[in-house]
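In what follows, a single structure is set out as structure tokens and then discussed.
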2 protein chains.
Amino acid sequence: MTLSKTFNALSDPTRQGILELLKKKDMTAGEIGKHFNITLPSLSHHLNILKTADLISGLRQGQTIVYSLNLSVFEEVSKSLIKFFKK
Amino acid sequence: MTLSKTFNALSDPTRQGILELLKKKDMTAGEIGKHFNITLPSLSHHLNILKTADLISGLRQGQTIVYSLNLSVFEEVSKSLIKFFKK
DNA sequence: TAGATATTTAGATAACTGTCTAAATATTAT
DNA sequence: ATAATATTTAGACAGTTATCTAAATATCTA
């Protein structure tokens with residue numbers, strides 16, 4: 001995953017909001033959706049971008065899909081950013 | 001400046017390249033342009049986005065405009081990012 | 001097997017973005 | 001003043017993106 005892709009995934013307010021929510025706890029798509037004024041298909045689109053950037057994972061549990069942060073990737077991205085800014 | 005705006009400014013490979021160059025030394029638009037296969041107007045567009053995001057400054061010195069990193073803003077953004085990822 | 005619930009996929013559309021060429025502006029030198 | 005150099009601004013265009021509605025898929029329950 002390139003740094004550009006990651007920055008792009010992070011550059012949308014809705015996606016940032018999704019990540020902020022998932023920092024607190026894992027949530028289903030429906031639960032996440034209640035926090036934004038967009039339709040579920042639009043939300044699904046954002047979830048897919050975050051998944052493609054490897055920032056989150058979705059795990060089906062019965063009828064719902066539970067989303068969670070990929071903490072290790074988060075850590076890695078954080079390090080890349082610090083490196084980018086500090087060097 | 002919002003974090004979204006900053007991420008957006010950072011999400012383009014050309015703009016990342018410009019920042020990498022300016023980390024080394026201040027440069028004029030023309031000097032920067034030599035490192036990329038885009039026209040000067042396109043480059044100017046990217047410089048403007050970085051300026052709007054407050055990541056760089058341009059100072060006219062006679063016939064040329066010398067661009068430099070806004071180091072304090074860079075520092076600040078770096079801290080915001082760390083906070084975003086760590087909390 | 002139906003029906004209900006949760007989520008995604010498909011397809012359309014308006015807005016945004018990166019790029020270009022041509023023209024404009026600013027400065028310097030003759 | 002005129003010409004040359006450096007950079008930006010204006011306007012157009014193709015590709016991408018965020019959004020929507022409608023339909024499809026997956027799971028659970030009766």
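Letters go in sequence order (proteins before strands), and every chain restarts at 1. Quick caveat: nothing in here was measured; it's all calculated off a predicted structure. Computation of the quantities below employed the complete heavy-atom set of this structure, encompassing side-chain atoms and omitting hydrogens, waters and symmetry-equivalent molecules.
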Can you tell me how far [atom2] of [N] sits from [atom1] of [X], to the nearest Å?
X: B:Tyr67; N: D:dT8; atom1: OH; atom2: C1'; answer: 8 Å
X: B:Leu50; N: D:dT8; atom1: CG; atom2: P; answer: 12 Å
X: A:Leu47; N: C:dT7; atom1: CG; atom2: P; answer: 10 Å
X: A:Arg60; N: D:dT25; atom1: CZ; atom2: C1'; answer: 8 Å
X: A:Phe36; N: D:dA18; atom1: CZ; atom2: P; answer: 14 Å
X: A:Asn48; N: C:dT7; atom1: CG; atom2: C1'; answer: 12 Å

Practice task
Name the nucleic acid region contacted by A:Thr64, choosing base, sugar-phosphate or nothing; use a 4.0 angstrom heavy-atom cut-off, strictly under.
Solution key: sugar-phosphate
Handout entry: Transitive ILVMFWY side-chain link B:Leu3 to A:Leu19, under 4.5 Å
Key = yes
Below 3.5 Å is the cut-off: list the nitrogen or oxygen pairs between protein and nucleotides 28-30 of chain D, distance only.
none

Handout entry: Residue that, paired with B:Phe7, satisfies side chain to side chain contact (heavy atoms under 4.5 Å, CB included) out of A:Asn8, A:Leu10, A:Asp12, A:Thr6
Key = A:Leu10
Problem - side chain to side chain contact (heavy atoms under 4.5 Å, CB included) partner of A:Thr52, chosen from A:Asn48, A:Leu50, A:Ile49 - result: A:Asn48
Handout entry: Sugar-phosphate or base contact per nucleotide [nucleotides 17-23 of chain C; S, B, -; heavy atom under 4.0 Å]
Key = -BBBBB-
Problem - Minimum side-chain heavy-atom gap A:Leu55-A:Arg15 below 4.5 Å - result: no
Exercise for the section: State, yes or no, whether a side-chain contact exists between B:Ile18 and B:Leu21 at a heavy-atom distance under 4.5 Å. Expected result: no
Exercise for the section: For the pair B:Lys23 and B:Glu20, find out whether any cationic side-chain nitrogen is under 4.0 Å from an anionic carboxylate oxygen. Expected result: yes
Fill in the blank from the handout: side-chain contact (heavy atoms from CB on, under 4.5 Å) filter on B:Glu31, not counting sequence neighbours, yields B:Lys25, B:Met27, B:Thr28
